[in-house]
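First comes the structure, then the notes that go with it.
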Amino acid sequence: MRTLIATAFVSLDGVIEAPGGEPGYRNSDWTFNDIEFDEAAYEIKGREQDEAAAMMLGRVSYQAFSPVWPDMTAEFSRYNAMPKYVVSTTLQEQNLVSNWGETSILRSLDDVAALKATEGGAIIIHGSATLNRSLSDAHLIDRYHLLVFPVLLGAGKRLFSDTDKDKQNLKLVESESYANGIQKLVYDVVR
């Protein structure tokens with residue numbers, strides 16, 4: 001059984017939209033605007049590349065990352081080399097880029113559950129607000145790697161849905177606070 005890890009930059013009020021400068025969101029680039037850079041806060045990002053065996057994305061994040069990440073060999077060399085899974089009902093094979101390694105399209109949450117049941121290492125989910133909410137609601141996520149930023153953004157795509165569901169407990173397995181106000185929180189989902 002593979003572990004499915006959601007990793008996200010999150011505002012204190014739960015927004016994950018456009019943390020790195022993606023266009024179309026009024027608070028775009030909120031992770032680096034007006035927050036002092038502290039390299040230690042991002043240590044987990046390098047560790048994620050070392051620990052993951054594959055990456056999972058939703059269609060929107062795939063279409064945002066795939067033109068850029070393959071050329072970022074210094075920052076994302078391990079991610080660029082590992083297999084990728086795009087969860088989408090609309091993306092077609094001919095729309096996949098050819099320079100970003102092996103990429104497979106999964107059409108449903110059942111396909112994700114089947115992939116999780118295979119042998120192999122952890123699969124890390126980047127970006128993909130809609131996918132994260134769907135996977136969380138379907139109880140498919142096993143771990144959360146969160147960097148919580150000391151900002152309130154109000155509107156925006158959120159990490160968790162507002163679906164009425166039973167309580168799900170999380171176990172804090174790692175945490176750290178940084179001088180710039182960022183909090184690292186790593187939670188395992190209690191089953």
Side-chain angles (χ1 to χ4, degrees), residues 2-58 60-62 64-82 84 100 121-133 135-136 141-161 168-190:
R2 300 178 82 162
T3 302
L4 198 55
I5 301 169
T7 183
F9 295 141
V10 185
S11 70
L12 189 58
D13 56 348
V15 175
I16 63 171
E17 185 170 358
E22 300 81 354
Y25 177 60
R26 69 185 185 98
N27 289 316
S28 187
D29 200 25
W30 54 267
T31 55
F32 301 107
N33 264 342
D34 305 323
I35 296 178
E36 181 181 334
F37 182 77
D38 183 343
E39 188 174 340
Y42 299 95
E43 171 274 335
I44 193 168
K45 305 318 278 175
R47 189 168 20 124
E48 288 170 347
Q49 282 192 73
D50 293 337
E51 294 174 357
M55 183 170 28
M56 183 175 287
L57 303 152
V60 173
S61 292
Y62 175 80
F65 295 170
S66 64
V68 180
W69 280 30
D71 295 329
M72 299 176 80
T73 54
E75 300 89 341
F76 301 119
S77 60
R78 291 259 304 121
Y79 284 137
N80 288 339
M82 68 179 59
K84 287 148 203 79
W100 205 22
I123 303 169
I124 195 144
I125 308 160
H126 277 280
S128 309
T130 301
L131 177 61
N132 269 301
R133 289 190 299 270
L135 293 172
S136 178
I141 295 177
D142 301 296
R143 176 174 276 193
Y144 293 94
H145 289 184
L146 307 177
L147 287 180
V148 181
F149 285 72
V151 297
L152 300 173
L153 299 173
K157 294 178 185 174
R158 298 185 183 280
L159 179 59
F160 299 105
S161 76
Q168 184 172 46
N169 289 327
L170 305 175
K171 178 182 178 188
L172 183 66
V173 294
E174 184 179 344
S175 66
E176 190 148 354
S177 299
Y178 302 95
N180 61 2
I182 294 174
Q183 301 282 315
K184 174 178 63 181
L185 302 170
V186 176
Y187 291 102
D188 280 343
V189 174
V190 176

Give, for atom CD of Glu174 and atom CG of Leu146, the distance between the pair rounded to the nearest 0.5 Å.
-> 11.5 Å

If you round to the nearest 0.5 Å, how far is CG of Leu131 from CD1 of Ile125?
-> 5.5 Å

Trp69 side chain reached by Asn80 side chain, heavy atoms, under 4.5 Å | yes

Start with the C-alpha gap between Tyr144 and Phe160, add the side-chain angles, then the distance that decides, and say whether ring-ring contact (aromatic ring centres under 6.0 Å, His included) holds.
-> CA-CA 11 Å; Tyr144 293 94; Phe160 299 105; 5.3 Å; yes

Any side-chain heavy atom of Glu51 sitting closer than 4.5 Å to one from Ile5?
-> no

Please test Asp38 against Ile182 for side chain to side chain contact (heavy atoms under 4.5 Å, CB included), starting from the C-alpha separation and ending with a verdict.
-> CA-CA 9 Å; Asp38 183 343; Ile182 294 174; over 6 Å; no

Short side-chain to backbone donor-acceptor contact, Arg78 and Asp50, under 3.5 Å = yes

Do the side chain of Ser136 and the main chain of Asn132 share a donor and acceptor less than 3.5 angstrom apart?
-> no

Donor-acceptor contact present, side-chain Arg2 to main-chain Ala122, <3.5 Å = no

Nearest non-hydrogen partners of Gly58 and Ser128, listed with the distance = N-OG, 2.7 Å

Residues in side chain to side chain donor-acceptor pair (under 3.5 Å) with Ser177, at least two apart?
-> Gln183

Please state whether the rings of Tyr42 and Phe149 are parallel, tilted or perpendicular, taking 30° and 60° as the class boundaries.
-> tilted

Ala41 and Ile44: which non-hydrogen atoms are nearest, and at how many Å?
-> O-CG2, 4.4 Å

Can you check side chain to side chain contact (heavy atoms under 4.5 Å, CB included) on Val60 and Thr130, steps first, answer last?
-> CA-CA 9 Å; Val60 173; Thr130 301; over 6 Å; no

Set of salt bridge (charged side-chain N to carboxylate O under 4.0 Å, His left out) partners for Glu36, sequence neighbours left out = none

Closest approach of Met82 to Met55 (non-hydrogen atoms, all atoms of both residues) = SD-N, 3.8 Å

Where is the tightest heavy-atom contact between Pro19 and Phe9, given as atom of each residue plus distance?
-> CB-CD1, 3.8 Å

At their closest point, which heavy atom of Ile124 faces which heavy atom of Ala52, and how far apart are they?
-> CG2-CB, 3.8 Å

Side-chain (Lys84) to main-chain (Trp100) donor-acceptor, under 3.5 angstrom | yes

Residues Ala53 and Gly121: closest non-hydrogen pair is CB-CA, 3.6 Å

Look at the aromatic rings of Tyr79 and Phe76 and report parallel, tilted or perpendicular, splitting at 30° and 60°.
-> tilted

Does Arg143 reach the main-chain N or O of Val186 with its side chain, forming a donor-acceptor pair under 3.5 Å?
-> no

Restricting to pairs with a member in residues 7-35, which pass side-chain hydrogen bond (donor to acceptor under 3.5 Å, both in side chains), not counting sequence neighbours?
-> Thr7-Lys45, Thr7-Glu48, Ser11-Asp13

Would you call Asp142 and Val189 a side-chain contact if the rule is heavy atoms closer than 4.5 Å?
-> no

Just how far is it from atom CD1 of Ile35 to atom OH of Tyr178, taken to the nearest 0.5 Å?
-> 14.0 Å

Do Val10 and Leu185 come within less than 4.5 Å of each other through their side chains, counting heavy atoms only?
-> no

Are Lys184 and Glu43 close enough that some pair of their side-chain heavy atoms sits under 4.5 Å apart?
-> yes

